[in-house]
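In what follows, a structure is listed as structure tokens, so that the remarks can point back to it.
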Amino acid sequence: MFELTSIPIENVVAFGGKILAFLVGLAALIFVHELGHFLAARRCGVIVEKFSIGFGKKIFGTTSGGTEFIIAAVPLGGYVKMKGEELNEETDGEGSFSAASPQDRLLIAFAGPLFNILFALAIYIFIYMIGVETLSPVIGTVKENSPALGANLKTGDQIIAVNGKPIRFWNE
């Protein structure tokens, strides 16, 4: 009725590695985004009370410069808590988000997405500098009764031009 099969441990480890890579990448994006808000708030004189990567229960935390830095259990987001950010808080006074000028509040709000854009640009530049593996235009297996065999192509032949246009990569 039911058939039980086992999953090879290599597949489980590979899947776990992909999940870990996803979470590390997501944490990097969140960190860069929240760092943008944090740096802009500090630059505008707004007091940052908390800088958190993740939500939920605090796993690790330390305080420096009046800001509590937190790593929380659920790594699917983050936040920067600023003084005077919530309605029931003191809105007047030095260092309050609510007392900051509209231009400063706009800068603080826009800094997170701006840092993500700059981060993406930096990644593209880095990848461009180190290069990306690509396929060479080399013929693989030539099957019988195929157009490639009819064109006298052989396994291992390198294609150097298509319609007189020189090529270097398979996708060209």
Side-chain angles (χ1 to χ4, degrees), residues 7 9-138 162 165-172:
I7 299 172
I9 191 68
E10 298 85 27
N11 293 2
V12 174
V13 170
F15 181 72
K18 290 176 183 176
I19 294 295
L20 183 63
F22 170 76
L23 292 175
V24 168
L26 185 62
L29 286 173
I30 293 166
F31 174 76
V32 167
H33 180 89
E34 298 305 333
L35 182 65
H37 293 307
F38 174 78
L39 293 176
R42 295 292 279 274
R43 176 97 164 89
C44 295
V46 174
I47 296 170
V48 178
E49 297 172 351
K50 291 183 182 181
F51 179 101
S52 178
I53 302 300
F55 295 108
K57 187 176 180 180
K58 177 169 70 169
I59 295 174
F60 173 78
T62 185
T63 302
S64 176
T67 302
E68 183 181 13
F69 295 93
I70 300 169
I71 295 177
V74 183
L76 299 176
Y79 63 92
V80 171
K81 168 76 173 77
M82 294 170 267
K83 177 184 175 186
E85 190 175 25
E86 296 180 10
L87 294 175
N88 60 353
E89 289 186 69
E90 178 70 33
T91 58
D92 296 332
E94 191 78 21
S96 173
F97 179 77
S98 300
S101 70
Q103 294 88 350
D104 286 348
R105 286 184 281 171
L106 185 61
L107 175 67
I108 293 167
F110 183 66
L114 175 65
F115 268 51
N116 281 131
I117 292 168
L118 295 175
F119 185 53
L121 184 62
I123 290 171
Y124 276 115
I125 290 170
F126 177 74
I127 289 173
Y128 178 76
M129 287 173 36
I130 65 169
V132 177
E133 288 187 28
T134 185
L135 294 174
S136 298
V138 176
V162 174
K165 180 184 174 205
I167 65 166
R168 296 182 350 188
F169 306 111
W170 183 261
N171 63 346
E172 293 177 328

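Positions are given from 1, in the same order as the sequence printed here. Just so it is clear, the structure is predicted and the values come from calculations on it, not from any experiment.
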### Query
After noting the C-alpha distance and the side-chain angles of Ile108 and Val46, does the key distance pass the side chain to side chain contact (heavy atoms under 4.5 Å, CB included) rule?
CA-CA 9 Å; Ile108 293 167; Val46 174; 3.8 Å; yes
### Message
As a quick check of understanding, evaluate side chain to side chain contact (heavy atoms under 4.5 Å, CB included) for Phe69 and Ile71, giving each step before the final call.
### Response
CA-CA 7 Å; Phe69 295 93; Ile71 295 177; over 6 Å; no
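- Atom CD1 of Ile130 has more than 12 neighbouring heavy atoms from other residues, nucleotides or ligands inside a 6.0 Å radius.
- Remark: Ile70 CD1 to Lys57 NZ distance equals 13.5 Å, nearest 0.5 Å.
- Within the model, atoms CZ of Arg105 and OG of Ser98 stand 7.0 Å from one another, a figure rounded to the nearest 0.5 Å.
- Once rounded to the nearest 0.5 Å, the distance linking CE of Met82 with CZ of Phe38 reads 11.0 Å.
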### Task
Mind running side chain to side chain contact (heavy atoms under 4.5 Å, CB included) on Asn171 and Leu135 for me, showing each step along the way?
CA-CA 8 Å; Asn171 63 346; Leu135 294 174; over 6 Å; no
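- A distance of 10.0 Å separates SG in Cys44 from CD in Gln103, rounded to the nearest 0.5 Å.
- One distance of note links CG of Leu114 with NE2 of His33; it measures 11.0 Å at 0.5 Å rounding.
- Here the straight-line distance linking atom CG of Leu29 with atom CD of Glu34 works out to 11.5 Å at 0.5 Å rounding.
- Between Ile30 and the choices Leu76, Leu35, Ile53, the side chain to side chain contact (heavy atoms under 4.5 Å, CB included) rule is met once, by Ile53.
- Within a 6.0 Å sphere centred on CZ of Phe15, other residues, nucleotides and ligands contribute 12 heavy atoms or fewer.
- Between Lys83 and Glu49 there is no salt bridge, since no side-chain nitrogen of the basic residue lies less than 4.0 Å from a carboxylate oxygen of the acidic one.
- Counting only heavy atoms from C-beta outward, the side chains of Phe31 and Phe51 approach each other to under 4.5 Å.
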